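Below you'll find the structure, written out as structure tokens, and then a few comments.
Atom set for the values below is all heavy atoms of this structure, side chains included, hydrogens, waters and symmetry mates excluded. Predicted model only: the values in this text are computed from it and were never measured.
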Amino acid sequence: MAKLVGATLYLYLFPLLLHLHCHQCKPAAAAASFVVHGGGGATAKAAAVFVFGSSLVDNGNNNHLNGSGAVRADYAPYGVDFPLGATGRFSNGRNVIDALGELLRLPAAGLLPPFADPATRGRAALHGGEVLSLKQQITNFEAVTLPDLRAHLQGATTATTTTGHKMKGQDFFDQCYLPKSLFIIGTGGNDYLLNYFNAGSGPTRAPLSEFTSSLLTKLSNHLQRLYDLGARKFVLFSIQPLGCTPVVRTFLNATSDACIEPMNHAALLFNSGLRSIVKNHNGGVRSHMPGASFVYVNSYKIISDIIQHPAKYGIRKTSRACCEVSRGGVLCQKGGPICSDRTKYAFFDGLHPTDVVNARLARKAYGSNSPDKVYPINVKKLAML
């Protein structure tokens, strides 16, 4: 690993076309053959969902990336409890976006097809991503995804405003579709695990506070750029408790179930700044994004609760991975042994949570009314705005 030269957010991008809905606009019947609707009932309504995140939310993009250095999870035992088997998701079952997608009543049971799959083109190309810096992802989103969306929606979408005015094509896309879409950013802590703490403690490594401040500044700039492209609803997932992951415990030879506090301190420092971004932009005097709404999901708190009180959630093992991990300590060995009951483990491999933990994280993000878990509102309420 090269020495640290600067803070860069490394995420994946997964946009998903869900359905067209707007409080000011309603799709005309002629567009129904193109629109992919969510389920019925009193559900949260979002025009679309776009997800930027790490391997914690990867749905198989890494399977189709060559020469990127990306690791893969397209082999057993990954997906052992997933209906489609080993799809590239870094879990025994669903990741948090899958589980959240079910709660949002996304089509195809909330599952997002990977953008990097060569088969994902045309209408299906309204989903997707690569292992790139967030800056490059947004560049690709602007240059490829948005034009593709516009091309399909302009020719197939007609909407009627509440005043009876006909709206179609570009106007509908910019005034109704993008502002009613959810833009989810799931930070996975890779900047700390793979960059800051992996760079050693030499003179080239910046102080933690300086490094974190740089990350947050870059993230704020990226959010501003997405806002300028039309995004108005943002969901920001915090970093999980890095010091409690099996790979960190193993690497630092932890002999007890205690978490590695310096790693957790770094995560908390970033998360505090992330929450401040949400507070400042939700009507704050310093907001440069009028009309935007933000939700902060405290993944750290939700997962820490499970780790600190495992019996309360039916968990028995919080410090060990369910699968036999490879030499690197993160990924499962191909075809290797796994625990018999995945519902009793917090982590499936050295870094990624099990299906049961992802499901709980998604439920709290979607419906919790506790400000120490979601702030200032939950994802359900944000989607219904």
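Other residues, nucleotides and ligands contribute over 12 non-hydrogen atoms within 6.0 Å of the CZ atom of Arg225. Within 6.0 Å of NZ in Lys317 there are 12 or fewer heavy atoms belonging to other residues, nucleotides or ligands. Surrounding OH of Tyr313 are more than 12 heavy atoms belonging to other residues, nucleotides or ligands, all under 6.0 Å away.
Residues forming a side chain to side chain contact (heavy atoms under 4.5 Å, CB included) with Ser220 (at least two apart in sequence, or on another chain): Ile277. Remark: Asp81 pairs with Asn92, Arg342 by the side-chain hydrogen bond (donor to acceptor under 3.5 Å, both in side chains) rule, at least two apart or across chains.
Tyr296 and Tyr375 have their aromatic ring centers separated by at least 6.0 angstrom. Taking the six-membered ring wherever Trp is involved, the centroid distance between the rings of Tyr78 and Phe348 falls below 6.0 Å.
To the nearest 0.5 angstrom, Ser370 atom OG is 7.5 Å from Lys301 atom NZ. Considering CG of Leu382 and NZ of Lys233, their distance stands at 5.5 Å, rounded to 0.5 Å. To the nearest 0.5 Å, atom CG of residue Asn298 and atom CG of residue Leu274 are 9.5 Å apart. With values rounded to the nearest 0.5 angstrom, Tyr366 atom OH is found 6.0 Å from Leu104 atom CG.
Under the 3.5 Å distance criterion, the side-chain polar atoms of Asn280 are matched with a main-chain donor or acceptor of Ser276. A donor-acceptor pair under 3.5 Å is absent between the side-chain atoms of Ser238 and the main chain of Asn271, judged by distance alone. When atom types are taken as modelled, the side chain of Asn95 and the backbone of Arg89 share no donor-acceptor pair closer than 3.5 angstrom. With hydrogens and angles ignored, the 3.5 Å screen pairs no side-chain donor or acceptor of Asp74 with any backbone N or O of Ala86. The closest donor-acceptor contact from the side chain of Thr245 to the backbone of His352 lies at 3.5 Å or more, if one exists at all. A donor-acceptor pair under 3.5 Å is absent between the side-chain atoms of Tyr177 and the main chain of Arg150, judged by distance alone. In this structure a side-chain-to-backbone donor-acceptor pair under 3.5 Å is present from Arg232 to Tyr227. No side-chain donor-acceptor contact under 3.5 Å links Ser319 to the backbone of Asp257. Not one N or O on the side chain of Ser214 forms a donor-acceptor pair closer than 3.5 Å with the backbone of Glu210.
Under the 2.5 Å cut-off for SG-SG separation, Cys332 and Cys323 qualify: their sulfur atoms lie closer than that.
Cluster membership check: Ile97 shares its hydrophobic cluster with Val49, using side-chain heavy-atom separations under 4.5 Å among Ile, Leu, Val, Met, Phe, Trp and Tyr. Linking ILVMFWY side-chain heavy atoms closer than 4.5 Å, directly or via other members, places Val330 and Tyr196 in a single hydrophobic cluster. Both Ile184 and Val379 sit in one connected hydrophobic cluster of ILVMFWY residues. Membership requires side-chain heavy atoms under 4.5 Å apart, directly or through other members. Under the 4.5 Å side-chain heavy-atom criterion for Ile, Leu, Val, Met, Phe, Trp and Tyr, Val325 and Met263 are members of distinct hydrophobic clusters. In the hydrophobic clustering of this structure, Leu242 groups with Leu331; members are Ile, Leu, Val, Met, Phe, Trp, Tyr whose side-chain heavy atoms approach within less than 4.5 Å, directly or through other members.
Using a 4.5 Å cut-off on side-chain heavy atoms (C-beta onward), Leu215 and Leu219 make no contact. Residues Ile377 and Met384 fail the side-chain proximity criterion, which asks for heavy atoms closer than 4.5 Å. Side-chain contact check for Leu103 versus Lys380: every heavy-atom pair is 4.5 Å or farther apart. In this structure, the side chains of Phe82 and Asp98 come closer than 4.5 Å at one or more pairs of heavy atoms. Val248 is not listed as a side-chain neighbour of Cys259, based on a closest heavy-atom distance of 4.5 Å or more. Between Thr354 and Thr343 there is no side-chain heavy-atom pair separated by less than 4.5 Å. Leu146 places a side-chain heavy atom less than 4.5 Å from the side chain of Phe141.
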*Tell me, with the steps shown, if Cys244 and Thr318 meet side chain to side chain contact (heavy atoms under 4.5 Å, CB included).*
CA-CA 8 Å; Cys244 300; Thr318 61; over 6 Å; no
*Decide side chain to side chain contact (heavy atoms under 4.5 Å, CB included) for His222 and Ile185; before the verdict, give the C-alpha distance in whole Å, the side-chain angles of both, and the deciding distance to 0.1 Å.*
CA-CA 11 Å; His222 296 324; Ile185 295 182; over 6 Å; no
*Start with the C-alpha gap between Leu216 and Phe270, add the side-chain angles, then the distance that decides, and say whether side chain to side chain contact (heavy atoms under 4.5 Å, CB included) holds.*
CA-CA 7 Å; Leu216 291 167; Phe270 179 89; 3.6 Å; yes
*Go through the steps for Ile307 and Gln240 under the test side chain to side chain contact (heavy atoms under 4.5 Å, CB included), then give the verdict.*
CA-CA 11 Å; Ile307 292 172; Gln240 66 174 327; over 6 Å; no
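Ring pair Phe294/Phe234 is parallel by interplanar angle, where below 30° counts as parallel and above 60° as perpendicular. Taking the six-membered ring for Trp and thresholds of 30 and 60 degrees, Phe197 and Tyr192 have ring planes inclined between 30 and 60 degrees apart.
Nearest heavy-atom pair across Ser293 and Leu385 is OG-CD1, 3.8 Å.
Between Asp305 and Lys373 there is a salt bridge, since a side-chain N of the basic residue sits under 4.0 Å from a carboxylate O of the acidic one.
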